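A short write-up of the structure that comes next.
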Amino acid sequence: MTTDTSVGGPTESDPRLDGRAVRRIVFDADTIAHRVSELGAHITAAYPDGDLLVLGLLKGSFIFLSDLVRQIARPLQVDFLVASSYGDAMESSGVVRLLYDPETELEGKHILLVEDIVDSGRTLSRLIDLLGERRPRSLEICALLHKHIATELHHPTQFIGFDAPHEFLVGYGLDHAENFRHLPYVASLQ
Ligand code: IMP
Ligand code: MG
């Protein structure tokens, strides 16, 4: 899969941006919708039986997850988790705290962990360890975007929407300082 960096399009006129410019649109709404529907079909086919729990990592996954679950044609449950890493000073320790722990029983279920974007993979790597202790039947990752520099993630990402350019991306759930999450497209920041 190649990364389409040619979508472009002027965004100055988008009132959501309040005059702030984004460099270019990397994945537009139609492209995302098409890919999410393909992912939904892949996920449907990958889980022929058993209980499926789609577990969204807040906040970044909230839009992707809500579109994705509507493209999965089988019974499932949805829950979320909120994780917080301690920041740069403690990065090497890999400490990740669960600020909201999913209340749904995980044991014996297929867990599909949904993330907006995999960058270093540090957060996901730690979460995989934590969730694995709850004895799920299976544990897989679905990410809308993947920068393929996830040096810290040894668990394969089973379902990937798009290869992402090595730029800072916003929109469709992704933020910069909590802004831009509501953009219906993914854009690269100036
Ligand atoms: P990781 O633990 O280094 O893989 O970081 C993953 C998290 O960092 C994502 O869930 C995002 O919240 C954030 N992140 C990484 N790259 C970007 C980006 O390009 N735009 C917005 N957020 C990003
Ligand atoms: Mg973020």
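Computed from a predicted structure; not experimentally measured. Order of appearance sets the numbers: ligands from 1, and atoms from 1 within every ligand.
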TODO: Give the ring-plane orientation class for F27 versus F162, where under 30° counts as parallel, over 60° as perpendicular and anything between as tilted.
DONE: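 Ring orientation of F27 relative to F162: parallel.
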Open item on the list: Does the residue H176 have a heavy-atom contact with ligand 1, meaning some pair of atoms that are separated by less than 4.0 Å?
Closed with: no
For [X], the ligand 1 atoms whose distance to one of its heavy atoms is below 4.0 Å:
{"X": "S120", "value": "1 (P), 2 (O), 3 (O), 4 (O)"}
{"X": "E167", "value": "19 (O)"}
{"X": "D175", "value": "21 (C)"}
{"X": "D116", "value": "9 (C), 10 (O), 11 (C), 12 (O)"}
{"X": "L174", "value": "20 (N), 21 (C)"}
{"X": "K147", "value": "16 (N), 17 (C), 18 (C), 19 (O)"}

Open item on the list: If I apply the N/O under 3.5 Å rule, does L169 come out as touching ligand 1?
Closed with: yes
Open item on the list: Any nitrogen or oxygen of G121 lying under 3.5 Å from a nitrogen or oxygen in ligand 1? Just yes or no.
Closed with: yes
Whether [X] side chain and [Y] backbone form a donor-acceptor pair below 3.5 Å:
{"X": "R181", "Y": "G173", "answer": "yes"}
{"X": "R23", "Y": "S188", "answer": "no"}
{"X": "D119", "Y": "K147", "answer": "no"}

Open item on the list: Under 6.0 Å between ring centres: does that hold for F159 and H42?
Closed with: no
- [ ] May I ask you to identify, for E152, whether its side chain, its backbone, both or neither come under 4.0 Å of ligand 1 on a heavy-atom basis?
- [x] neither
Open item on the list: Taking 4.0 Å as the limit for heavy-atom contacts, which would you say applies to T123 with ligand 1: side chain only, backbone only, both, or neither?
Closed with: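 Looking at T123 and ligand 1, atoms from backbone and side chain both fall under 4.0 Å.
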Open item on the list: Taking D101 first and then R134, would you say they form a salt bridge - that is, a charged N and a carboxylate O separated by under 4.0 Å?
Closed with: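 Looking at D101 and R134, the cut-off is met.
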TODO: State whether the number of non-hydrogen atoms from other residues, nucleotides or ligands found under 6.0 Å of E103 atom CD is greater than 12.
DONE: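 Open.
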Task: Nearest option to atom 13 (C) of ligand 1, as decided by whichever heavy atom of L189, I117, D119 sits closest - done: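 That would be I117.
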Task: Gap between atom CG of L55 and atom CG of L112 - 0.5 Å precision - done: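 Nearest 0.5 Å value for the CG-CG distance: 9.0 Å.
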